Asks: 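A single structure is presented below for examination.
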2 protein chains.
Amino acid sequence: MRSGAATADDPGSFDDRTAKARIRDAAIECFAEEGIADTTARKVAAAAGVSPGLVIHHFGSMEGLRIACDEHVAAAIRRIKESAMASGPGLDVFGMMRDTNIGSAARYLARVLAEDSHTVETLVDDLIDDAERYFEQGVESGMLLPSNDPRGRAVVLVLWSLGGLVLHDHFKRLLGVDLTDPDLSTSPNLMAYMGPAYEILGSGIFTESLASHLQSAVTEADETDRERPPSAQSKQKGTR
Amino acid sequence: MRSGAATADDPGSFDDRTAKARIRDAAIECFAEEGIADTTARKVAAAAGVSPGLVIHHFGSMEGLRIACDEHVAAAIRRIKESAMASGPGLDVFGMMRDTNIGSAARYLARVLAEDSHTVETLVDDLIDDAERYFEQGVESGMLLPSNDPRGRAVVLVLWSLGGLVLHDHFKRLLGVDLTDPDLSTSPNLMAYMGPAYEILGSGIFTESLASHLQSAVTEADETDRERPPSAQSKQKGTR
DNA sequence: TAGCATATTGAACATGCGTTCAGGTGCTGC
DNA sequence: GCAGCACCTGAACGCATGTTCAATATGCTA
């Protein structure tokens, strides 16, 4: 069909745009744009310029297509992340996936993050592992504060960030920032998001006195197993 | 089938636990448990103990059902939020919706937050408005640090929190905490989440030097990008 | 009692889905 | 040449879906 490309699916070969690859790419875009549930074999086929039968012929089923897309996007993100980490220090978790023509990957991710997919779980785990390692370096070099729970801090920060990605429509509506924009860094409204984010990550939001008060409550609850959590007055509900 | 102590319904109607209400409740549970796309009229009908036709008869269409569920859940959350805000200060955004038998509302919310629904948008807007007002009180009473962008800070914090809710499966897997658990506050692993969260919100993660470095980079980018916006950095950030 | 509106059913319908399959096309090796 | 093979098509199948509708049950009004 195309140029003198050899046999079909050969990852790493020069011309990957075989029909199979075109279908996969079209599927990623379709999943990203229309959502998982609203993406049908026929839509993907039309977008890729092939017949519906070919979609199933190459991927076995729609679920197979989903898995292939998951893996392709995960691989793309890993590649971007690696080059970003090699290029030097960055601090936000999104930084890993911006400044690169990542295409529809961010939008795709935002769509599948809430579904359960083993591939995505593994990707999230990896992102957290890397963040944790990254934070550790930051602590050692004096850029980041140490944590009582480095792993937990990495989990919370990465999932907050990814959760923000999932809710990108709300950010777009409320702050005018599209977190899935491939070239987010040139967005004029970026600071509407980055400003508050850096402020929070810079100094928190609690004052000294409140922070110490909460901290003592936390450690207290941590030591005694059955103690009230720090959220203060939970109204007794009678029966338990 | 449950009877008697049903969850409250529309304010204004006395006994709403009609078949229509049963269908709506079953639908909320079904949406929450199986997801939006996998919830069919027949499943809802079976769960409510009625025929599929009745579902459409009462709500016009499945989309009508979705809207009715959105509005019901939004009303429930607003009610909970109001009583929580009346009961005194709390600091995390989840606090609004825990300590109450909110049923499947949190799981439902987690499912619809990423879809677009005008009702949910309005609910999110309200949550942010309340958080902003709430933070303002916290600043006045000396519990919270002032912000250069109070609105932006509220948006970011609420959406990070809600994003975490959407990704509750990942939190459950990684920290053992189920953020959609109706009685979250008694969860033994709660601190695996609250600890890092409070740590971040307490003092941030950046050290002094890095924070000032980033801040200068931000203002620099702000000035070079365009003219200095009218309301920006009028107030110098905390003396610390 | 009759009359009427509402509540509810269950079978039917049209639609769109994922998937299958028999066959067509073009290339490669003999 | 022509067999073999991979790629690809497009019609078809079976199924689940949302929705419709005539028919029935139920309860309210007079």
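Everything numeric here is computed off the predicted structure, so don't read it as measured data. Just so we're on the same page: letters track the sequence lines, and every chain starts at 1.
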Asks: Hey, is CD on A:E29 packed in by over 12 heavy atoms from elsewhere, all under 6.0 Å?
Replies: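 Open.
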Asks: Which word best sums up how the rings of B:Y108 and B:F31 line up, parallel for under 30°, tilted for 30 to 60°, or perpendicular for over 60°?
Replies: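 The rings of B:Y108 and B:F31 stand perpendicular, inter-plane angle above 60°.
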Asks: Taking any heavy-atom pair under 4.0 Å as a contact, classify B:V50: base, sugar-phosphate, or nothing.
Replies: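 Contact class for B:V50: sugar-phosphate only.
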Asks: Between the side chains of A:D70 and A:S117, is a donor N or O closer than 3.5 angstrom to an acceptor N or O?
Replies: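 Side-chain D/A pair, A:D70 to A:S117: present.
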Asks: Quick one: how far along DNA chain C does chain A reach, first to last nucleotide 5' to 3', anything under 4.0 Å to a heavy atom?
Replies: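 First-to-last contact on DNA chain C, by the 4.0 Å heavy-atom rule, is C:dC17 to C:dT20.
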Asks: Hey, does A:R133 have a side-chain heavy atom less than 4.5 Å from the side chain of A:D130?
Replies: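 A:D130 vs A:R133: side chains touch.
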Asks: Strictly under 4.0 angstrom, non-hydrogen atoms only: write out the protein contact profile of nucleotides 14-28 of chain D, one letter per nucleotide from the 5' end, B, S or -.
Replies: ---BBBB--------
Asks: Kindly give the heavy-atom pair with the smallest separation between A:K43 and A:C30, and that separation in Å.
Replies: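 What the structure gives for the nearest pair is CB-SG, 4.1 Å.
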Asks: After noting the C-alpha distance and the side-chain angles of B:D25 and B:K20, does the key distance pass the salt bridge (charged side-chain N to carboxylate O under 4.0 Å, His left out) rule?
Replies: CA-CA 9 Å; B:D25 291 350; B:K20 183 171 180 179; over 6 Å; no
Asks: With distance as the sole criterion, is a donor-acceptor pair present between the side chains of B:T180 and B:D178 under 3.5 Å?
Replies: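 Judged by distance alone, the side chains do pair up.
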Asks: Do B:E33 and B:S104 have side-chain N/O donor and acceptor atoms under 3.5 Å apart?
Replies: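 No donor-acceptor contact under 3.5 Å links the two side chains.
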